[in-house]
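Take a look at the structure set out below.
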Amino acid sequence: MELQQWRDFLSGRGATWDRDQAHFADTGGELQLIDLSPMGAVSITGADSQKFLQGQLTCDLVNLPDRHTSLGAHCNPKGRVISAFFALKVARDDFVLCMPRDLAAVATAALARYSVFFKADLCDISADHQWLGLQGAEAVRHAAELLGLEGLDSGTVVPFEIDSSRALAFAVSPQQVAILVPRAQAEELWQRLESRAQAASYGNWLGQQIAAGIPQLHADTSEAFIPQMLNLHVLDGVSFKKGCYTGQEVVARLQYRGATKRRMFRARCEPGPLPTPGTDIRIGEHRPAGEVLTAAPVAGGIELLAVLNNALVAVEDPLCLGDGRALELLDLPYDADADPLAEP
């Protein structure tokens, strides 16, 4: 099935489109079914997959159990994040990286430069696979019942079959389950899930990710930040105990010296045009303070994640977007200033 056919299918169910995002009328359903077309996937398979990725990614995949997931990043030698993602470990020879679709090709090309000496096959599978999402207070339970899954829990990934093709269910959190399915089976799966869930807009999914403080990097912001600027070190997305990986020396040195001057904040602004990744944030009219990572519409306004200068935020002068809309800083659900190296 081509992507346009998939969009036509959803349009027939009431979807309207803004670029690659499907919008549905808000019905306020307790269980939401969401098209995750803006998300892509990179597959890494082969006997050396774990060994290869362990030497490239910031997260520790050796000590991650099979069928579990971790946030992580792939850096350049200067410690700048090329791609950030959820790493899904199906088995030691079978991994999937979940990230924005526009970043998947960038991530694949960057990893491929290092894979030539390993028995590992890399493939951007975004073109022929589709992510669907279930969201709600009991999303994990509903997904397990609808798909006949055992062992699905927050932070786990469970493979299953649909029409003899493999699919993956990934419990992002107790409230969100992402399902990766070959696009040829996407219609059938959507119809199965909509027996219990109501279609909802992609912004609902992204808004939950923003509220949870999960960073989302895009092609326009690739290689702009180190992992600590994305709060990955306090989200278990950076291991300071594993062996070397590309960019590790820079990332570790900054952590041990406490030299990171910027970090990720959550903020809110008034309704209006949605800020795109990389949009400047300023103090006053001209002084740069940071830039937007990702943004989503919420009730009464817009919420976003942004990387900001710690010292400028501490001054408590008003922050605003380039169009003048003021930003109100919001709490994150974790301590973004925590030091993962500190003694418990």
Side-chain angles (χ1 to χ4, degrees), residues 18-19 21 23 26 38 71 73 79-81 84 100 102-103 201-235 237-238 251 254-255 257-340 342:
D18 178 9
R19 294 169 295 178
Q21 297 187 18
H23 297 271
D26 186 4
L71 280 166
R80 295 279 168 165
V81 178
D102 68 332
L103 191 61
S201 301
Y202 175 72
N204 293 27
W205 181 275
L206 188 54
Q208 286 279 339
Q209 294 273 290
I210 290 171
I214 304 299
Q216 192 175 97
L217 205 65
H218 288 269
D220 288 343
T221 47
S222 177
E223 300 188 67
F225 311 108
I226 63 169
Q228 288 95 326
M229 294 178 188
L230 303 178
N231 297 358
L232 284 170
H233 62 307
V234 294
L235 292 167
V238 180
V251 174
L254 286 172
Q255 189 66 35
R257 292 181 178 178
T260 306
K261 298 179 180 179
R262 293 189 286 166
R263 73 162 174 88
M264 190 177 70
F265 290 79
R266 176 180 166 222
R268 183 185 180 95
C269 68
E270 294 297 316
L274 203 63
T276 56
T279 296
D280 287 339
I281 294 174
R282 305 182 179 211
I283 289 181
E285 294 185 3
H286 304 294
R287 192 175 186 186
E291 55 193 292
V292 172
L293 277 180
T294 189
V298 297
I302 292 169
E303 285 196 13
L304 57 87
L305 294 174
V307 175
L308 302 174
N309 183 293
N310 295 331
L312 294 180
V313 170
V315 173
E316 298 186 352
D317 286 340
L319 295 163
C320 63
L321 298 172
D323 61 10
R325 280 180 289 171
L327 291 179
E328 173 194 1
L329 294 182
L330 304 174
D331 290 336
L332 288 165
Y334 52 82
D335 182 1
D337 295 315
D339 182 0

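One-based numbering along the sequence shown.
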Open item on the list: Determine whether Asp18 and Leu274 satisfy the following criterion, side chain to side chain contact (heavy atoms under 4.5 Å, CB included), listing intermediate values before the conclusion.
Closed with: CA-CA 11 Å; Asp18 178 9; Leu274 203 63; over 6 Å; no
For residues 227-235, which side-chain donor-acceptor pairs fall under 3.5 Å, sequence neighbours excluded?
| residue | atom | partner | partner atom | Å |
| --- | --- | --- | --- | --- |
| Gln228 | NE2 | Val251 | O | 2.9 |
| Gln228 | NE2 | Gln255 | OE1 | 3.2 |
| Asn231 | OD1 | Met264 | N | 3.1 |
| Asn231 | ND2 | Met264 | O | 3.1 |
| Asn231 | ND2 | Tyr334 | OH | 3.2 |

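- With sequence neighbours left out, the salt bridge (charged side-chain N to carboxylate O under 4.0 Å, His left out) criterion links Arg262 to no other residue.
- One distance of note links CH2 of Trp205 with CD of Gln21; it measures 14.0 Å at 0.5 Å rounding.
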Pairs of donor and acceptor atoms involving the side chains of residues 288-302, under 3.5 Å and at least two apart or interchain, shall be tabulated with distances.
none

Please set out all donor-acceptor pairs under 3.5 angstrom arising from side-chain atoms of residues 310-324, sequence neighbours excluded.
| residue | atom | partner | partner atom | Å |
| --- | --- | --- | --- | --- |
| Asn310 | ND2 | Lys261 | O | 3.3 |
| Asp323 | OD1 | Arg325 | N | 3.1 |
| Asp323 | OD1 | Arg325 | NE | 3.4 |
| Asp323 | OD2 | Arg325 | NE | 2.9 |
| Asp323 | OD2 | Arg325 | NH2 | 2.9 |

Mind listing the side-chain donor-acceptor pairs of residues 207-217 below 3.5 Å, one per line with the distance, residues two or more places apart or on another chain?
| residue | atom | partner | partner atom | Å |
| --- | --- | --- | --- | --- |
| Gln209 | NE2 | Gln176 | OE1 | 2.7 |
| Gln216 | OE1 | His218 | NE2 | 3.0 |

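- For Arg80, the salt bridge (charged side-chain N to carboxylate O under 4.0 Å, His left out) criterion is met by no residue, not counting sequence neighbours.
- In this structure, CZ in Arg266 is found 7.0 Å from CG in Leu332, a value given to the nearest 0.5 Å.
- Note that CD1 of Ile281 and OG1 of Thr279 are 8.0 Å apart. Values are rounded to the nearest 0.5 Å.
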TODO: Step by step, work out the side chain to side chain contact (heavy atoms under 4.5 Å, CB included) result for Arg287 and Asn309.
DONE: CA-CA 11 Å; Arg287 192 175 186 186; Asn309 183 293; over 6 Å; no
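- The environment of Asp335 atom CG is dense: over 12 non-hydrogen atoms of other residues, nucleotides or ligands sit within 6.0 angstrom.
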TODO: Check the pair Asp220, Asp102 against side chain to side chain contact (heavy atoms under 4.5 Å, CB included), reporting the backbone distance first and the verdict last.
DONE: CA-CA 9 Å; Asp220 288 343; Asp102 68 332; 5.8 Å; no
